[in-house]
Every structure is written in C-alpha cells, then in structure tokens.
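In what follows, a single structure is set out as structure tokens and then discussed.
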Amino acid sequence: MGETFDFVLKGGTVLNQDGVGVRDVAVRDGRIAAVGAIDAGSAGEVVDCRGLTVLPGVIDSHVHFREPGLTHKEDLESGSRAAVLGGVTAVFEMPNTDPTTTTAAALEDKLGRAVGRMHCDFAFYVGATRENIGDLAELERLPGCCGVKVFMGSSTGSLLVEDDDGVRAILKAIGRRAAFHSEDEYRLRERLAFRIDGDPASHPVWRDAEAALRCTQRLVALARETGKRVHVLHVTTADEIGFLAGHKDVATAEATPSHLTLVAPDCYHRLGTRAQLNPPVRDESHRAAIWRGLAQGVIDTLGSDHSPHTLAEKAHPYPKSHSGMTGVQTLVPVMLDHVAAGRLSIERFVDLTSAGPARVFGLARKGRLAVGYDADLTVVDLARRQTITSAWIASKAAWTPYDGVEVCGWPVGTFVRGAKVMWEGELVTPAQGAAVRFGETLPAGI
Ligand SMILES: [Zn+2]
C-alpha cells in the first residue's frame, strides 16, 4: 500500500530546480508531497498532464487591483479571477488605492476584503508617505505585507516622496527591501511642456530616459549610504540596465511584459492612449536593452504592473488619458510566446516568476516546486496557439493591448496550495486565496 495523496499531476513535463523532465507531482494537504514516478492508485484525483508542462506557480509581484475606492476599474475579486485565469498563483498588490494602504488599519481592511474573495494568494504593499515614516518599520513586518512601496515619481494616485531626504528617511526606517517607482519627479515637472495635446507618442518624450536614470542613480546612492536594499520596479531604459549591472549588491530589478513586448512609436500609432503607461514604453533601443538585461540576469523579476483603467478613462485626449493597462491575465501567454520565439528560455521564465520573487521578497514556502513547499503550480501548454482577445479578459477594465494577437503557449491550469482553481479556462474552486508568508515576518514558533 503506497502513500495517499489528494492529487497527482501525472505525466507532465516538470520544470524545477532539478531541471526539466517527465515527472509526476503529488499533492497532499496543500503542499507538494512527492516529485518523481508516483503510484497514483491512492490519489483522490489524478490530473492527466501528458503533453503539458508543470511550472512552479507564477507570482506576479506588481498589480494594482484598485480596491478600496476605485472599484469601477477593478476589485480584489475580479483582479484575482483574472490572475488565476492567466495561470498566476499569487499577486502582490500596490498601495495607491483610495484610501491609500499607508496604515495598519488600511492593510487590515485589505486583508479582510481579500479573504473569501480572492482566487489566488496575495500580499499587499504598504505605501510610504512623509507622515508614516515613523510607522514603516512596524508596518512592513505585519502579516500579509510584502514590503514598502515608494513612488519617487508621481503616477496614478497621491502617493509621492520625491526628495532625497524623504527617501533617505524611509530607507533608514525600514529593514526589508523596498520597491520603487523610479522616475525623477523634478525632471518630470520641468518637462511638462513636452507633452503634445492629443499625441500619446509624446509621453516618452516628456517622461524621458534621463528622468528614469537620474532617479535610479539617486536611489542606488541612497541605498548604499543607508546600507539598505532596493527593488527597482519596471525598468525601461538601456541606461538603467547598464547602471544597475554595477550595483547588484544593493539593487534588484523588475521588467514588465509590456516594456518587453510593445515598442514606440509603433504602439502609440496602433493603440493610441491604450499604450500609455508610467514609465512609458520607449523605442527599440531601450526594449532591446531590457531584453539584454533579462538575458544577462540584471533583471530579477517579472511584474505585470496590471494597472487597469476603463476604456472611457483611457479615451480622454492625451494627456488627460489615464496611464496604465491590464496585464495580470496576459503575463503568462505573452511571455510564453516570447519563449516560443526563442527570446528567453522557459527556465529563465520560471526564474523570473518564482525563484526571483522568492529571492527578492523572502517568501516562505513558495517559489519552488519541491517537497514541503506550497503546491502552487502553473500548468501550461507550450505548443498551444491561441488568440488573446479582450472578451477573454476578466478585469473590470475589460480590455487588453494584445486583443487579436495570436500567441504560442497558453495557461491550462492553476493550482493554489493544492486546490485546482482553474482548468481549461474555467474556475473550478470557490475563492480561497490566503496571505503569502514571508521569512522575515514569520511569527515565532511556526
Ligand atoms: Zn505599478
């Protein structure tokens, strides 16, 4: 009599720290119980994964789900439904909601809203302000918090700490790695006149590469001065890739599928203000450099920066049009298409979406397809050709910049802590997402 399991994923090509191979994965009590050739006779359910690839659960460490306050754009239920339909098992959500997530009460409120409504696992960033610097050391260690987020350049919402003194005070106050929107606010203000009414192609002229580089240089200098580590979100410039390569001891970096896939000026001609986001999509020289940074390992994580706005909000004439686009549901298919095209390996994709977040954010029991870890699994068909459509998008925003784009590679199943949440495009388990745990904030005795 062999062991009993809740699930056995049978016959899939498993990709984990041991490399690639046809192996079974057994799940019991929400965790991975065995990997290898497994007798599935005593499994509660056998999932036939022949022809499919089983990956460690994809973690999207950068989403905006807009709840509370902006729920006409998105909420925690719809955003997380989009996530699991797209093969994402956990999300880290940003603090620029209304009210902002800048107090313990606001974090508690989000965690309360998430339970029973979110389909994937979750953690929330706490936003830094001038007013809450004294509380950050406590806030960043609260359960369900993935760390502090700082907007050094203004984007959607009111959160902004643009000056060196403010950022220095934040870095001195905290212990964990903080995440930064890095665009130099002073330069953005100086260059407002570069925006051309009605022309979103002027967006990267206004928010130019120099604004991003200057801010990242200031940030890294402050990290070095204070002895802290920083995570630079959505890197968009060749200049920053080169700079960050020299500072990997203090700085990790994120790239987004949007900046790896879209390119100026084509995207602005094709998509108009739908291509508008912060920091902006730039020209081919920058896109190629982000790919080089990704290939060379300068980039540590992929985040979708899922930042939904309604089509009506996107349709205001530039620059009144809102910055941001959906992305949590398309992260996996868009990046698998890049894998199929040979732009990155599937191993690198896994590194960026599971091992990378685990390393950068200090995850407990996630980010690795190994015995004892949470059974978070993303099952994909690397050969499936399918067309992304806005009709498929579960976000309340209900649109994607990839509408009509055929990709090779598609998410087939999403398992969250052993629960089969999505299979072949259908939600098959009620929402039971839970807070992600972090090594640095685990309570004693667990
Ligand atoms: Zn963002």
Side-chain angles (χ1 to χ4, degrees), residues 55 58-63 86-88 179 181-183 203-204 207 209 212-213 216 231-245 252-268 270-271 274-307 323-357 360 378 380 382 388 400-403 405-411:
L55 309 175
V58 169
I59 298 161
D60 185 346
S61 46
H62 188 164
V63 303
V88 170
H181 182 122
S182 180
E183 286 183 286
H203 199 56
R207 304 180 83 112
L213 176 64
T216 296
H231 187 48
V232 184
L233 299 167
H234 38 43
V235 173
T236 59
T237 68
D239 319 64
E240 285 169 286
I241 293 289
F243 175 73
L244 287 168
T252 50
E254 173 197 81
T256 80
S258 309
H259 295 106
L260 290 163
T261 308
L262 304 175
V263 66
D266 161 77
C267 66
Y268 299 107
R270 253 180 342 103
L271 300 164
R274 292 190 199 190
Q276 177 190 336
L277 73 164
N278 299 333
V281 176
R282 308 186 192 279
D283 67 24
E284 180 54 31
S285 67
H286 291 294
R287 179 170 70 166
I290 305 169
W291 275 112
R292 277 199 302 279
L294 192 146
Q296 302 276 311
V298 180
I299 299 294
D300 297 272
T301 64
L302 277 179
S304 71
D305 195 6
H306 177 82
S307 41
S323 291
M325 55 179 64
T326 62
V328 71
Q329 196 173 340
T330 48
L331 183 153
V332 171
V334 165
M335 293 308 298
L336 290 184
D337 191 60
H338 288 307
V339 171
R343 295 187 191 101
L344 79 165
S345 66
I346 188 70
E347 290 85 353
R348 186 70 176 109
F349 174 76
V350 167
D351 182 56
L352 290 161
T353 55
S354 55
V360 169
T378 300
V380 302
L382 292 177
I388 295 171
T400 167
Y402 308 108
D403 182 47
V405 172
E406 189 192 71
V407 294
C408 180
W410 197 259

Quickly, which of Thr301, Leu331, Ile59, Val332 forms a side-chain contact (heavy atoms from CB on, under 4.5 Å) with Thr353? Name it, please.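 Filter result, single survivor: Leu331.
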
Close side-chain approach of [X] to [Y], heavy-atom, < 4.5 Å:
X: Leu277; Y: His259; answer: yes
X: Pro357; Y: Asp60; answer: no
X: Ser304; Y: Val63; answer: yes
X: Leu336; Y: Val407; answer: no
X: Pro333; Y: Tyr402; answer: no
X: Leu344; Y: Val339; answer: yes
X: Leu260; Y: Met335; answer: yes
X: Thr400; Y: Gln329; answer: no

For [X] and [Y], which heavy atoms make the closest approach, and how far apart are they?
X: Ala212; Y: Thr236; value: CB-OG1, 4.4 Å
X: Arg343; Y: Asp337; value: NH1-O, 4.5 Å
X: Thr261; Y: Pro257; value: OG1-O, 2.6 Å
X: Ala255; Y: Ile290; value: CB-CG2, 3.9 Å
X: Tyr268; Y: Pro204; value: OH-CD, 3.6 Å
X: Ile299; Y: Arg348; value: O-NH2, 2.6 Å

Does the side chain of [X] come under 3.5 Å of the side chain of [Y] through a donor N or O and an acceptor N or O?
X: Asn278; Y: His234; value: no
X: His286; Y: Thr237; value: no
X: His231; Y: Ser61; value: no

How many angstroms lie between atom [atom1] of [X] and atom [atom2] of [Y], to the nearest 0.5 angstrom?
X: Ile346; Y: Leu55; atom1: CD1; atom2: CG; result: 5.0 Å
X: His62; Y: Leu302; atom1: NE2; atom2: CG; result: 12.5 Å
X: Trp410; Y: Ile388; atom1: CH2; atom2: CD1; result: 5.0 Å
X: Ile241; Y: Leu213; atom1: CD1; atom2: CG; result: 11.5 Å
X: Leu271; Y: Leu262; atom1: CG; atom2: CG; result: 6.5 Å
X: Cys267; Y: Met325; atom1: SG; atom2: CE; result: 7.0 Å

Please check: side-chain N/O of [X] versus main-chain N/O of [Y], any donor-acceptor pairing under 3.5 Å?
X: Arg282; Y: Ala238; answer: no
X: Ser307; Y: Asp305; answer: yes
X: Asp283; Y: Ala264; answer: no
X: Ser182; Y: Val232; answer: no

